[in-house]
Number of protein chains: 2
Amino acid sequence: MSSMAAMPNTHDAGAEVSTVWLRVFLEVARHGSFTVAARTLGWTQSAVSRQIASLEAALDGGPLFDRLPRGVALTEAGRLLVPHAETVAAALHDARRELGALREAAGGRLRFGAFATADAALVPHALALFRARRPRVRVTREEGLTPALLDQLTAGHLDLAVVSTTGRAPLESYELHHLLDEPLYVAVPDGHPLAAHEGPVPLGHFADADWISGSARPEGTLLDAALRQGFRPRVAHVVGEWTAKQGYVAAGLGVTLVPALAAESVRPDITLLRVRDEGAPARAVYAATVRGRSLTPAASAFLDAVREATAKIPA
Amino acid sequence: MSSMAAMPNTHDAGAEVSTVWLRVFLEVARHGSFTVAARTLGWTQSAVSRQIASLEAALDGGPLFDRLPRGVALTEAGRLLVPHAETVAAALHDARRELGALREAAGGRLRFGAFATADAALVPHALALFRARRPRVRVTREEGLTPALLDQLTAGHLDLAVVSTTGRAPLESYELHHLLDEPLYVAVPDGHPLAAHEGPVPLGHFADADWISGSARPEGTLLDAALRQGFRPRVAHVVGEWTAKQGYVAAGLGVTLVPALAAESVRPDITLLRVRDEGAPARAVYAATVRGRSLTPAASAFLDAVREATAKIPA
DNA sequence: CTGCGGAGATGCGACAAGCGAATGTCTAGC
DNA sequence: GCTAGACATTCGCTTGTCGCATCTCCGCAG
């Protein structure tokens with residue numbers, strides 16, 4: 001019993017107002033009766049009585065209703081409160097509605113991107129899983145190289161991107177969910193001198209080969225691995241399309257690098273030689289999202305699907 | 001264990017939203033931190049954390065904030081909610097402000113009316129009591145006959161009216177707080193034949209007298225009492241002002257009725273003769289308010305003052 | 001004038017919400 | 001790796017609010 005008297009909250013003018021009280025207030029004002037309002041709201045009359053009493057005490061503006069023998073009637077203060085209570089109710093209703101619409105739009109939508117070879121097996125499997133679980137989600141897919149996909153992520157045009165890294169430091173502003181480290185293969189035509197090579201072959205063996213690549217410069221592509229092995233590959237033909245690349249290789253015009261994800265889908269007259277990992281790992285594949293930005297439910301579900309699909313793919 | 005399973009409120013999308021949660025939400029949004037917002041609001045961090053969690057659960061629109069290592073940041077849903085939360089806060093603030101203003105205006109104001117002779121002693125006494133207790137209340141006074149005062153009450157221009165009834169049935173729509181039943185006196189000049197009459201004199205003794213009255217017709221005035229005694233008084237002079245009336249009487253031009261409330265303030269050369277109550281009571285004085293309309297605090301205090309003043313007046 | 005019925009107020013017991021304090025988890029920075 | 005900062009979680013307790021039953025007040029009908 002010390003001096004901490006804490007001032008009992010008798011007649012506290014700053015008391016908080018419950019939205020429940022306001023809803024009840026409006027209902028009572030509409031019907032002019034506590035009892036009817038109580039029935040409408042599914043409560044008892046005593047509850048409504050105390051709700052209004054609480055509201056009157058909290059607002060400290062005197063009675064809001066005159067208690068009459070046949071019901072109640074708004075006082076001047078009550079009439080003054082009505083429009084504000086309606087404003088509050090409308091604001092809450094609008095907020096709920098708009099949040100629902102947002103949830104519908106964001107939760108019912110998945111925008112993801114992936115680099116080309118991920119589309120060979122990983123993405124289709126993941127997408128099949130995802131569609132089975134979230135059939136109503138509208139999915140949009142974008143194809144592109146890793147840097148472009150990350151830009152799209154930052155710009156908010158994508159929810160998630162399946163990206164690869166050739167060993168460079170991943171950017172700090174992304175959340176990278178590691179999926180797998182994929183080994184590389186060199187695709188050579190049947191009959192190539194090294195076609196019968198046993199076990200992983202060092203990439204340096206192809207330092208003098210003609211290369212088929214999607215880009216004239218190796219930087220930023222799979223051929224970056226060649227640079228790390230100490231030689232600059234000679235790009236004999238720039239071919240973007242994977243099927244076309246295979247054609248060039250099969251015709252003996254050169255060799256090309258094939259990531260593991262695409263290894264399953266090579267034509268039979270081509271031999272894949274596993275590249276020996278020397279030093280840096282071949283290539284890591286991630287599902288990237290923006291760090292600190294919450295995932296939509298759809299993106300979260302797709303991330304799960306991608307992980308499960310990854311587990312099904314032979315590493 | 002019947003079918004009334006009542007669906008436990010897990011994940012109830014229709015849950016109510018507390019205004020406290022919204023206030024906390026805005027504070028967190030402003031500062032970008034639960035901890036800072038908690039300090040600002042005088043709560044603990046854990047409280048704020050649960051407030052936001054409750055709000056997110058109630059709105060069911062996903063997280064409102066992304067939890068980052070250095071604080072929090074609004075999500076899309078959170079950004080969407082901000083203006084609505086501000087609308088609610090503003091509406092509540094406005095309501096409080098306007099109610100305060102109303103309270104200030106209504107609580108600091110007293111509008112009352114009284115009939116003329118009540119101003120002789122009753123109203124001044126009551127007003128003195130009231131002003132001593134509520135010195136800051138602005139008082140406006142209106143003078144008028146009972147019917148006019150009642151009309152002003154109904155129209156909302158008066159908070160309270162001191163009215164009299166000559167025996168007619170009081171209207172149902174007013175709350176009549178009985179103050180006193182006042183006897184009537186007949187004012188006669190010194191030397192009048194009946195001036196020395198012992199005890200109450202029947203009004204019929206003045207059936208042939210010349211009357212001084214405020215109105216040519218007796219209906220609705222004090223002279224209504226004469227009608228109830230079975231004679232129609234001859235109004236010789238129509239004089240409204242009380243002082244002037246006394247002059248007329250002193251000059252021997254006629255007699256006039258004086259209600260008890262004005263009995264104290266007659267000039268010395270006039271004699272008052274108590275009228276004998278025969279049948280209906282002379283006149284009742286009430287403080288009238290509108291039935292079913294709540295009294296302002298000032299009106300309530302003034303009503304008390306009038307009652308106390310009544311007790312001090314000799315009946 | 002005396003019950004009767006309808007309307008709001010209130011006491012009571014029970015349950016749920018919400019608080020503070022202490023503790024756990026995660027991340028960044030040294 | 002350790003410390004510091006920030007949010008989440010658990011625990012015990014206070015406070016608020018419900019339903020139920022009851023009370024009071026008022027108008028109405030017999």
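So that the names make sense, note that chain A is the first sequence line, chain B the second, and so on, each numbered from 1. Reckoned from all heavy atoms, side chains included, excluding hydrogens, waters and symmetry mates.
- Listed by chain and residue number, nothing satisfies the side-chain hydrogen bond (donor to acceptor under 3.5 Å, both in side chains) test with B:W43 (two or more places apart in sequence, or in another chain).
- One interatomic measurement links the two molecules: CG of A:D66 to P of D:dC25, which rounds to 18 Å at whole-angstrom precision.
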Kindly list each side-chain donor-acceptor pair under 3.5 angstrom involving residues 296-306 of chain A, sequence neighbours excluded, with atom names and distances?
from	atom 1	to	atom 2	distance (Å)
A:T296	OG1	A:A299	N	3.0

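- A straight line from CD of B:E175 to C1' of D:dC26 spans 11 Å, rounded to a whole angstrom.
- Regarding B:L74, its CG atom lies at a distance of 13 Å from the P atom of D:dC7, rounded to whole Å.
- Here A:A288 pairs with A:L150, A:L153, A:V163, A:L176 under the side chain to side chain contact (heavy atoms under 4.5 Å, CB included) rule; sequence neighbours left out.
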Exercise. Tell me, for nucleotides 7-22 of chain C in 5' to 3' order, what letter each nucleotide earns: B for a base near a protein heavy atom under 4.0 Å, S for only sugar-phosphate near one, - for neither?
Worked result: SBBBBB-----SBBBB
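- Between B:F65 and B:F34, the angle of the ring planes goes over 60°, which puts this pair in the perpendicular group of the 30/60° scheme.
- The side chain to side chain contact (heavy atoms under 4.5 Å, CB included) test applied to B:P69 returns no partner, not counting sequence neighbours.
- Rounded to an integer number of Å, the gap from A:E16 CD to D:dT17 P is 12 Å.
- In this structure, the side chain to side chain contact (heavy atoms under 4.5 Å, CB included) partners of A:R30, at least two apart in sequence or on a different chain, are A:E27.
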